[in-house]
Amino acid sequence: MTSYFLTIDNGGTNTKVAIFDDQGKQIAVSAFPTKNRERQAGFHEANLADLWQALGTASRDALQRANLTGDQISGVTTVGHGKGLYVLDRQHHIFMDGILSADSRAEKYAINFEKRIHDIYAISHQHVMASQAPVLLRWLKDHEPENYRQIGAVLSNKDFIRFLLTGEVCQEVGDASGNHLLNLETADYDPQILAFFGIPEMANNLPQLIQATDQCGVISAEAAEVTGIQAGTPVFGGMFDIDACAIATGVLDNDKFSLIAGTWNMNIFPNDTMASEASGLMNSIFPTGKRLIEASSPTSAGNLAIMIKLLMTAELRDAQDQGKSIYDDLEVFLANTDATFAKLIYFPFLYGSNTDPEATGSFIGLRSNTTKSEMLRAVYEGIAFAHRYHVQALLKVLGHQPSVIRMSGGGTNSPNWVQMFANILNIPIELVSSNELGGLGGAMTSAVGIGLYPDLETAAAHMSRVKARYEPQADQVKIYDQKYTAYLSLLTALKGNWTALKEFQEGAEQ
């Protein structure tokens with residue numbers, strides 16, 4: 001008898017409810033945009049009551065699309081964006097908005113904490129980012145003390161959604177370790193970390209830690225009413241979305257890299273040892289027990305969506321009038337242009353940078369005859385260059401090239417963009433059959449959780465299949481190497497020189 005698994009995958013840009021069978025076949029998916037409220041510049045928040053209702057609607061829609069009833073689901077898993085902050089009060093009620101991973105309100109805090117990171121790096125093995133939970137908690141303590149005092153439970157995104165489904169408050173180890181909450185030597189909370197961030201009183205608000213495949217409650221009667229999933233259905237720990245995508249694509253050791261081109265620019269590989277402090281890379285606990293080496297920043301496909309709105313207002317309207325997607329037209333455009341087409345460079349820093357925290361999105365090389373089409377292609381290329389910047393940092397730690405990169409995220413919906421990535425990285429890229437990889441990774445978690453497979457490695461062997469491979473094209477690689485040299489040179493020249501512009505921007509907004 002076939003088993004079916006439902007995954008709620010809450011990303012920073014889009015949220016999906018996906019259903020898979022026990023062989024990894026994608027049965028149905030229902031998606032909606034993750035609503036992002038920006039009450040001030042740099043604040044990226046989600047209304048949690050609205051999110052819950054939208055999740056319920058999407059869950060019922062996915063079941064209907066799959067022609068399944070709620071009692072046919074064998075297990076449920078939540079997958080979510082890492083970092084950010086989701087809190088409950090002392091009675092475990094919602095009282096404030098969730099904070100998304102693109103949030104940059106605590107940027108200056110992160111810069112100052114990073115200057116002292118050596119004090120705790122030996123236990124946390126993390127560098128500091130503005131959207132990590134402890135940094136945001138410290139910002140709340142200083143700027144919204146009334147909210148800070150109410151906090152009774154600190155959760156990551158997918159742990160919060162699991163709470164909505166079950167009423168149980170737990171935090172999965174992988175997400176917590178990537179959110180600067182754990183001692184990676186002990187895989188547990190550590191008061192030294194909380195003291196470093198100046199939030200020692202949060203120690204009593206950190207929930208019980210669980211593993212990705214542990215059962216953490218069942219669908220409650222209330223959640224059954226909202227989602228259509230039968231009450232009593234087991235719910236499992238789940239994963240940080242980068243872990244889920246890596247496992248779904250069969251990236252289980254350092255022979256392969258996982259690259260996610262989504263809201264965030266994520267580049268990772270599992271390893272037996274951790275990256276050093278000097279590498280500038282992040283470490284976290286991978287669900288298989290290995291350590292995950294991560295190079296990431298908010299510099300990926302989220303930039304493309306914004307630039308399309310800015311540059312292609314008329315084209316967007318025409319596509320809508322014709323009942324088609326603007327991305328269909330862009331795919332034709334990419335197919336008919338190449339590395340020689342755009343004569344300018346784009347820095348994809350609309351949400352933040354991977355070099356200088358003060359840097360902002362920029363075009364360099366505009367001339368009187370530059371076309372809008374050139375600018376758009378430069379955006380695609382600039383995002384891939386930002387990934388290359390991170391991949392090269394990973395290669396420096398690993399010491400050799402991986403045999404292949406398995407790619408996931410919204411960028412994989414464009415075959416021509418995937419080919420561009422292969423050319424810019426000069427490494428073969430493979431895609432797997434499912435296009436909802438966070439959902440597939442979650443389904444593997446459920447499959448192990450119910451005992452169908454003994455471990456995630458076995459689940460991946462049975463549920464993940466490669467569908468396409470993109471080889472680097474030598475002529476394009478040569479041109480992109482020249483462009484990347486220019487990209488890197490300009491990036492280096494500007495590093496440390498963005499402050500005056502940032503001060504002016506902030507002053508003009510006040």
Exercise for the section: Measure centre to centre between the rings of F20 and F5, then say whether the value is under 6.0 Å. Expected result: no
Fill in the blank from the handout: d(M312 CE, D318 CG) to nearest 0.5 Å is 9.5 Å
Handout entry: Candidate pair N183 and D188, rule side chain to side chain donor-acceptor pair (under 3.5 Å), full reasoning
Key = CA-CA 6 Å; N183 178 329; D188 205 350; over 6 Å; no
Problem - Minimal non-hydrogen separation, S30 against A58, with atom names - result: CB-O, 3.4 Å
Exercise for the section: Kindly check if the number of other-residue, nucleotide or ligand heavy atoms within 6.0 Å of NZ (K256) is above 12? Expected result: yes
Fill in the blank from the handout: Note: M463 and D21 closest approach over all heavy atoms is CE-O, 3.6 Å
Exercise for the section: List the atom of I326, the atom of A319, and the distance in Å for their closest heavy-atom pair. Expected result: N-CB, 3.9 Å
Practice task
Examine the side chains of T34 and T15 and answer whether a donor and an acceptor come within less than 3.5 Å of each other.
Solution key: yes
Practice task
List the steps, then state whether side chain to side chain donor-acceptor pair (under 3.5 Å) holds for E430 with Y470.
Solution key: CA-CA 6 Å; E430 291 178 344; Y470 296 78; over 6 Å; no
Problem - Check ion pair K158-D175 (N to O, under 4.0 angstrom) - result: yes
Exercise for the section: Check the surroundings of atom CD in E225: do more than 12 heavy atoms from other residues, nucleotides or ligands lie under 6.0 Å from it? Expected result: no
Handout entry: Side-chain (W52) to main-chain (L164) donor-acceptor, under 3.5 angstrom
Key = no
Exercise for the section: Flag the pair D329 and K324 as a salt bridge only when some basic side-chain nitrogen lies within less than 4.0 angstrom of an acidic carboxylate oxygen. Expected result: yes
Practice task
Report the C-alpha distance between E315 and R317 in whole Å, list the side-chain angles of each, state the deciding distance to 0.1 Å, and finish with yes or no for salt bridge (charged side-chain N to carboxylate O under 4.0 Å, His left out).
Solution key: CA-CA 5 Å; E315 291 87 347; R317 186 176 57 248; over 6 Å; no
Handout entry: Q64, CD: over 12 other non-hydrogen atoms inside 6.0 angstrom
Key = no
Exercise for the section: Using a strict 4.0 Å threshold on nitrogen-to-oxygen distance, state whether R105 and E107 make a salt bridge. Expected result: no
Practice task
Using a cut-off of 6.0 Å, state whether more than 12 heavy atoms not belonging to N67 lie near its atom CG.
Solution key: no
Completion exercise
So CG of L136 and NZ of K141: to nearest 0.5 Å the spacing works out to 15.0 Å
Problem - Cationic N near anionic O, under 4.0 Å, R162 to E172 - result: no
Problem - Side-chain donor-acceptor contact under 3.5 Å, D71 with T69 - result: yes
Handout entry: Test: D61 and R65 ion pair at under 4.0 Å
Key = yes
Practice task
Would you mind checking if E294 and K83 are paired as a salt bridge, meaning a charged N to carboxylate O distance below 4.0 Å?
Solution key: yes
Practice task
Establish, yes or no, whether a centroid distance under 6.0 Å links the rings of H180 and F197.
Solution key: yes
Exercise for the section: Before accepting this row, confirm whether a basic side-chain N of the pair E45/R37 lies closer than 4.0 Å to the acidic partner's carboxylate O. Expected result: no
Exercise for the section: Report yes if some heavy atom in the side chain of L140 is under 4.5 Å from a heavy atom in the side chain of L85; otherwise report no. Expected result: yes
Handout entry: Test log, rule side chain to side chain donor-acceptor pair (under 3.5 Å), inputs N157 and D159
Key = CA-CA 5 Å; N157 169 266; D159 298 309; over 6 Å; no
Exercise for the section: Run the numbers on S403 and D255 for side chain to side chain donor-acceptor pair (under 3.5 Å), then give the verdict. Expected result: CA-CA 6 Å; S403 64; D255 179 58; 3.0 Å; yes
Problem - Distance-only donor-acceptor check, side chains E222 and S220, under 3.5 Å - result: no
Exercise for the section: To the nearest 0.5 Å, tell me how far M239 CE sits from M444 CE. Expected result: 8.0 Å
Problem - salt bridge (charged side-chain N to carboxylate O under 4.0 Å, His left out) between K35 and D50, intermediate numbers included - result: CA-CA 9 Å; K35 287 188 178 179; D50 290 349; 5.0 Å; no
Exercise for the section: Measure from NZ or CZ of R138 to the centre of the six-membered ring of Y109, then state whether that distance is under 6.0 Å and the direction lies within 45° of the axis. Expected result: no
Problem - Sub-6.0 Å ring centroid separation between Y86 and H81 - result: yes
Practice task
Measure up the H143 and W139 rings against each other and bin them: parallel (under 30°), tilted (30 to 60°), perpendicular (over 60°).
Solution key: parallel
Exercise for the section: Would you check if the side chain of Q171 reaches a backbone N or O of S156 as a donor-acceptor pair within less than 3.5 Å? Expected result: yes
Problem - R465 side chain to H462 backbone, donor-acceptor under 3.5 Å - result: yes
